[in-house]
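Heads up: the structure comes next, in structure tokens.
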Amino acid sequence: MAMRGRRFLQIPGPTNLPERIRAALARPLVDHRGPTFRRLLGGILPRLQRLLGTRAPVALYAASGTGGWQAALVNTLAPGDRVLVPETGHFALAWAALARDLGLEPQILPGDWRSPADPAAIARALAADRGARIRAICLLHHETSTGVLSPVAEVRRVLDQLGHPALLLVDAISSLAIDAYAHDAWGVDVTIGAVQKGLMLPPGLAFLAIGPRARAARSRHARLPRGYFDWERTLEAHAAGLFPASPPTSLIFALDEALRMLEEEGLAQVLARHARLAAATRAAVAAWGLETQGRDPAHLSAALTAVRLPAGLDAEALRQHLREHHGVVLGQGLGRLAGRVVRIGHLGALGTAELFGVLAAVEAGLRACGHAAARGGIAAAIAALDDSPPPPAEGGVAVDPKVPSGGGRPAGCG
Ligand SMILES: *Cc1c(COP(=O)(O)O)cnc(C)c1O
């Protein structure tokens with residue numbers, strides 16, 4: 001079928017690229033050893049620290065998120081080290097597989113792919129680890145295959161209570177600039193981020209916040225080959241406004257612009273907007289008589305909603321229908337959820353009207369694919385927005401000092 005109008009790429013990252021990002025990507029390149037680039041990188045690093053909630057140094061890599069996982073492992077660990085991986089879903093198992101491939105010994109804590117990592121189960125595994133063979137916990141803040149958020153600070157509390165020396169390595173790739181995150185306050189040793197989720201960029205840049213214990217492990221303990229991912233080489237180059245090798249200059253331009261967009265809207269406002277879009281989506285899902293993959297509403301991420309489809313409704317058939325008839329592309333079910341789950345991404349540069357369009361298409365598609373009960377989702381979504389707190393006024397800083405910022409609802413219709 002011929003498609004007209006905008007296509008909606010509602011996979012949970014990469015997302016629709018905002019106009020401003022595309023313009024930044026189109027800028028002519030500059031000398032990546034010259035003053036313009038140095039100034040650019042020097043401006044970006046402290047803003048990434050703010051986004052991560054840390055004073056720890058940040059290293060950027062030309063890599064997808066997987067490269068960030070690898071960097072965290074090879075800089076902190078030695079061959080044969082055990083890493084504890086709570087099985088929150090597909091991405092947790094993928095990180096464990098990478099660890100095994102690097103010569104580490106992943107110990108997987110089984111999970112049902114509907115729940116957060118369980119601090120009590122982590123505590124039991126650590127308590128049973130007499131010789132402290134577990135050198136790191138690989139935890140996903142947001143497991144993107146299920147839409148479930150795990151309690152990072154509680155895992156740190158478990159480590160502290162047991163006095164266990166394992167490092168806490170956290171993947172925040174699909175939660176940064178979407179759900180609240182705090183590297184320092186939560187006691188994380190390494191946080192891994194990437195730019196193609198909440199940061200609204202094409203894939204290709206990963207970054208790490210490197211806490212002091214992790215940095216010390218690099219010199220005192222780590223013995224895996226580090227190669228390109230040696231973070232000391234990267235940090236040393238960054239200190240001079242450089243990358244150790246050619247940087248993805250266009251992505252650096254775009255990252256600068258993305259951070260500016262987030263700062264103009266205000267990070268608190270960005271998180272509130274995501275929370276509202278998520279609440280509206282979940283109201284629609286409930287109206288359709290369907291369930292989210294995550295069981296506990298208190299642990300759902302604001303990045304996406306993973307929807308469990310009724311038996312007999314093939315997720316891939318629904319996705320194909322939506323793509324062909326409405327130009328809406330949802331995320332597929334990953335791993336053992338293939339064919340059974342669709343993931344509606346509502347992250348990045350997205351507004352309510354766009355979300356209504358997506359939800360209306362999904363509702364129509366569900367009915368066309370045989371789920372006749374899919375009705376009333378848009379009304380439910382609108383009602384949920386009525387009930388959820390409006391985002392605070394945009395921007396943290398008033399441009400005109402006579403006009404106070406954070407003034408709440410715009411005048412007019414409330
Ligand atoms: C997207 C994502 C990754 C990404 O990895 P890529 O190598 O960029 O494909 C890793 N972890 C999580 C939680 C993700 O959402």
Side-chain angles (χ1 to χ4, degrees), residues 9-17 51-52 59-74 83 85-99 101-102 106 111 113 115-117 136-152 155 168-181 183 188 190-209 228-229 248 251 254-255 258 274 278 293-294 299-306 329-335 337 341-348:
L9 183 61
Q10 302 309 132
I11 62 176
T15 61
N16 301 296
L17 294 183
L51 178 67
L52 288 151
L60 279 158
Y61 294 95
S64 80
T66 305
W69 284 347
Q70 182 159 339
L73 297 174
V74 300
V83 294
V85 185
E87 183 196 356
T88 45
H90 172 80
F91 285 93
L93 292 186
W95 198 359
L98 179 71
D101 195 50
L102 291 168
W113 292 41
S115 314
I137 300 179
C138 295
L139 178 67
L140 280 92
H141 180 219
H142 174 215
E143 169 58 73
T144 318
S145 65
T146 66
V148 175
L149 279 178
S150 284
V152 176
V155 175
L168 180 55
L169 314 179
V170 177
D171 171 334
I173 290 174
S174 62
S175 56
L176 290 171
I178 297 167
D179 290 291
Y181 190 82
H183 176 99
V188 178
V190 180
T191 298
I192 300 137
V195 293
Q196 75 270 33
K197 311 282 165 86
L199 285 163
M200 306 173 285
L201 265 54
L205 261 178
F207 52 93
L208 265 57
Y228 177 74
F229 288 109
L251 288 174
L255 179 55
H274 280 90
Q293 179 64 16
H299 287 107
L300 298 183
S301 149
L304 66 91
T305 298
V329 180
L330 302 185
Q332 65 192 97
L334 295 172
L337 301 179
V341 158
V342 291
R343 294 173 301 148
I344 305 172
H346 33 69
L347 66 168

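Both counts, for ligands and for their atoms, begin at 1 and track the order of listing. Please read these numbers as outputs of a predicted model, since none were measured by experiment.
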Residue list, side-chain contact (heavy atoms from CB on, under 4.5 Å) with Pro151, at least two apart or on another chain
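Expected list: Pro116, Pro119, Glu154.
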Test side chain to side chain contact (heavy atoms under 4.5 Å, CB included) on Leu255 and Leu60 and set out the steps.
CA-CA 11 Å; Leu255 179 55; Leu60 279 158; 4.2 Å; yes
Which pairs would a plain distance check flag for residues 64-73, meaning a side-chain donor or acceptor within less than 3.5 Å of a matching protein atom at least two apart in sequence or in another chain?
unit_1	atom_1	unit_2	atom_2	d
Ser64	OG	Thr66	N	3.4
Trp69	NE1	Asp171	OD2	2.8

Please list, chain by chain and in numerical order, all residues satisfying side-chain hydrogen bond (donor to acceptor under 3.5 Å, both in side chains) with Gln196, sequence neighbours excluded.
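With sequence neighbours excluded, Gln196 shows a side-chain hydrogen bond (donor to acceptor under 3.5 Å, both in side chains) to no residue whatsoever.
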Might you list the protein residues in contact with ligand 1, defined as having a heavy atom under 4.0 Å from one of its atoms, sorted by chain and number?
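Residue list for ligand 1: Ser64, Gly65, Thr66, Trp69, Phe91, Leu140, His142, Thr144, Asp171, Ile173, Ser174, Gln196, Lys197.
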So does Ala117 get a backbone contact from the side chain of Ser150, meaning a donor-acceptor N/O pair under 3.5 Å?
yes
Trp113 and side chain to side chain donor-acceptor pair (under 3.5 Å): which single residue from Glu143, Glu87, His90 fits?
Glu87
